[in-house]
*Asks:* 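First, the structure itself, so that you have it in front of you.
In the text below, chain A, chain B and the rest are named by the order of the sequence lines, each starting its count at 1.
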Amino acid sequence: MLTVLDPRLSAEGEALQMAPALASLKGAVIGFIDNAKIGTERLYDHMVEMLKSRHGVAEVIRRRKPDTSRPVPDDMLAQLRGADAIISGIGD
Amino acid sequence: MTTALASSTHEVDDAFAANELFQRNGWTDGLPIVPPTEALVRRFLDAGRCAPDAVIGVEPVRRRRITAEKVAIAAVMAGCLPEYMPAVLAVIRAMCVAQYNLHGSTASTGGCAPMVIVNGPVRTALGMHATHNALGNGSRANATIGRTLRLFILNVLGGHPGQLDRSTLGHPGKFTYCVAEDEEDNPWLPLAVERGVPAGESAVTVFAAGAPHQILNEWTHDPKELLDTYAAAIRANMLTYSIWHGNYALVIARQHRDIFARAGWSKADIRAYMFETCWVKRKEWRTVGKAAVAGRKDEEQAYRACAAPEDLLVIAAGGTAGGFGAIIPPWIGNKSMAVTMAVAT
């Protein structure tokens with residue numbers, strides 16, 4: 001028998017976890033982080049329209065990252081603090 | 001008192017079964033692994049003079065705390081010897097410096113790989129190769145130090161293809177991409193010394209790199225003509241891949257180095273010439289099928305390959321014969337910049 005160590009960091013509980021879902025979107029403030037890829041703006045326009053017209057979202061806070069490949073700047077994150085939930089665009 | 005290891009464990013029948021477990025779970029790059037037992041991992045940690053819970057770096061986006069224990073596991077798996085650990089740890093530390101952009105370069109569709117250039121006495125101490133087949137197979141240390149980074153990205157960062165790693169194509173350097181500079185057989189300053197490390201000390205330089213593109217010119221003794229060939233490859237990359245400036249690397253083998261040496265050209269001379277030579281105009285996009293974007297801005301605008309001469313990494317490596325060299329492009333522009341880190345002795 002051989003005992004081997006698990007190579008994953010996530011195996012020791014450092015995995016990312018999903019935030020709990022909102023009970024309702026009605027009256028909610030939703031933040032959007034635009035990852036500055038080509039298609040994001042159009043996709044988000046559509047999502048904002050759906051969230052407001054169909055799900056009663058009260059307000060959205062939209063911010064566009066200055067650079068696709070770098071983290072969201074701290075001051076931008078601070079501006080999103082008032083949101084009940086945040087949607088972050090990933091990919092193209 | 002000995003610090004307990006944090007990693008959970010798995011029981012397997014033997015080394016073959018251990019490899020099958022890792023293959024099945026996607027914990028390797030597809031090649032076989034050395035089973036990371038506690039005894040081996042402790043030997044590697046001792047060689048790196050690290051406690052298992054020592055934090056080697058924090059991945060800046062997901063804030064993952066990278067422990068020495070997980071780095072040692074990756075090094076064992078990759079086939080390293082314990083004495084490679086100081087070099088491995090230096091590379092991981094370098095990759096955690098913000099300007100390397102570890103998360104972005106791991107996740108990007110652009111498909112780059114961390115390329116490592118090793119300088120100083122550690123190269124010879126570990127038996128690294130810098131001459132024939134310098135960018136290919138040749139020594140265990142080159143192969144396994146480079147491979148450790150991929151296993152680290154897979155298992156510590158979660159950089160699995162199609163998951164965090166969204167590379168459209170990637171390239172073979174994603175298995176291993178580690179070269180030692182040939183410091184013994186050239187008149188130039190080692191790369192790490194040029195980047196501020198005291199002469200005689202060991203260091204690693206890492207940058208997020210595309211695949212090497214070989215060039216051939218054995219029909220001139222004029223340093224400028226030689227560099228014009230390298231420059232043409234860089235310009236082609238700027239037009240066909242990414243026009244943005246960043247760290248380009250030149251790998252210059254012995255035959256070309258002899259020509260530069262006879263002409264009295266230093267690495268700084270090469271960088272200065274390349275800085276002035278490597279640029280394209282936006283309108284040239286029209287010649288490579290990118291007319292749709294060429295006209296969005298002033299088409300007479302010139303774009304340089306490097307923002308400053310210092311951004312060109314000049315590396316002496318390669319076999320003694322053949323008029324070959326290589327350019328190595330950056331991932332995409334300056335989204336990731338090279339980091340040089342001393343190897344702890």
*Asks:* Which atoms of Ala18(B) are under 4.5 Å from chain A, going by heavy atoms: the side chain, the backbone, both sets, or neither?
*Replies:* side chain
*Asks:* Taking side chain to side chain contact (heavy atoms under 4.5 Å, CB included) as the criterion, tell me which of Arg65(B), Glu59(B), Arg64(B) meets it with Leu9(A).
*Replies:*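 Checked Arg65(B), Glu59(B), Arg64(B) against Leu9(A); only one passes side chain to side chain contact (heavy atoms under 4.5 Å, CB included): Arg64(B).
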*Asks:* Can you check whether Thr3(A) reaches His10(B) side chain to side chain, under 4.5 Å on heavy atoms?
*Replies:*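 Side chain of Thr3(A) against side chain of His10(B), heavy atoms only: no contact under 4.5 Å found.
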*Asks:* I need the residue from Ser336(B), Ala72(B), Pro36(B) with the largest number of non-hydrogen atom pairs under 4.5 Å to chain A.
*Replies:* Pro36(B)
*Asks:* Which bit of Leu154(B) comes within less than 4.5 Å of chain A, counting heavy atoms only: side chain, backbone, both or neither?
*Replies:* neither
*Asks:* Check whether Leu40(B) gets within reach of chain A through its side chain, its backbone, both or neither, counting any heavy atom under 4.5 Å.
*Replies:* neither
*Asks:* Count the heavy atoms belonging to other residues, nucleotides or ligands that lie under 6.0 Å from CG of Asp75(A), then report whether that count exceeds 12.
*Replies:* yes
*Asks:* How many angstroms lie between CG in Leu5(A) and CD1 in Ile73(B), if you round to the nearest 0.5 Å?
*Replies:* 4.5 Å
*Asks:* Evaluate whether atom CZ of Phe16(B) has more than 12 neighbouring non-hydrogen atoms of other residues, nucleotides or ligands under 6.0 angstrom away.
*Replies:*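 Not buried by this count: 12 neighbours or fewer within 6.0 Å.
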*Asks:* Grab the two heavy atoms, one from Val4(A) and one from Pro35(B), that are nearest each other, plus how far apart they are.
*Replies:* CG1-CB, 3.7 Å
*Asks:* Minimum heavy-atom separation for Arg70(A) to Asn101(B), with atom names?
*Replies:*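 Minimum heavy-atom contact is CG-ND2, 3.7 Å.
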*Asks:* Just so I know, are the side chains of Trp331(B) and Ser69(A) near enough to count as touching, which here means a heavy-atom distance under 4.5 Å?
*Replies:*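 Yes, side chains in contact.
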*Asks:* To the nearest 0.5 Å, tell me how far Arg8(A) CZ sits from Ser8(B) OG.
*Replies:* 6.5 Å
*Asks:* Tell me, side chain or backbone of Ser108(B) under 4.5 Å from chain A's heavy atoms, or both, or neither?
*Replies:*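 For Ser108(B), there is no contact with chain A at all, as no heavy atom is under 4.5 Å.
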*Asks:* Between Val41(B) and chain A, with a heavy-atom cut-off of 4.5 Å, which part of the residue counts as in contact: side chain, backbone, both or neither?
*Replies:* side chain
*Asks:* Determine the option with the most heavy-atom pairs under 4.5 angstrom with chain A, choosing from Thr9(B), Ile332(B), Val12(B), Val156(B).
*Replies:* Val12(B)
*Asks:* What are the two closest heavy atoms between Lys70(B) and Asp6(A), and how far apart are they?
*Replies:* NZ-O, 2.6 Å
*Asks:* For residues Pro71(A) and Val61(B), report the shortest heavy-atom separation together with the two atoms involved.
*Replies:*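 Smallest interatomic distance, heavy atoms only, reads CG-CG2, 3.3 Å.
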*Asks:* What part of Phe22(B) is in contact with chain A, defined as an atom under 4.5 angstrom from a non-hydrogen atom: side chain, backbone, both or neither?
*Replies:*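 Answer is side chain: those atoms of Phe22(B) sit under 4.5 Å from chain A.
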*Asks:* Quick check on Arg43(B): does its CZ atom have over 12 non-hydrogen neighbours (other residues, nucleotides or ligands) under 6.0 Å away?
*Replies:*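 Not more than 12 within 6.0 Å, no.
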*Asks:* Kindly indicate, with the supporting measurements, whether the criterion side chain to side chain contact (heavy atoms under 4.5 Å, CB included) is fulfilled by Leu2(A) and Asp14(B).
*Replies:* CA-CA 6 Å; Leu2(A) 196 61; Asp14(B) 53 22; 5.6 Å; no
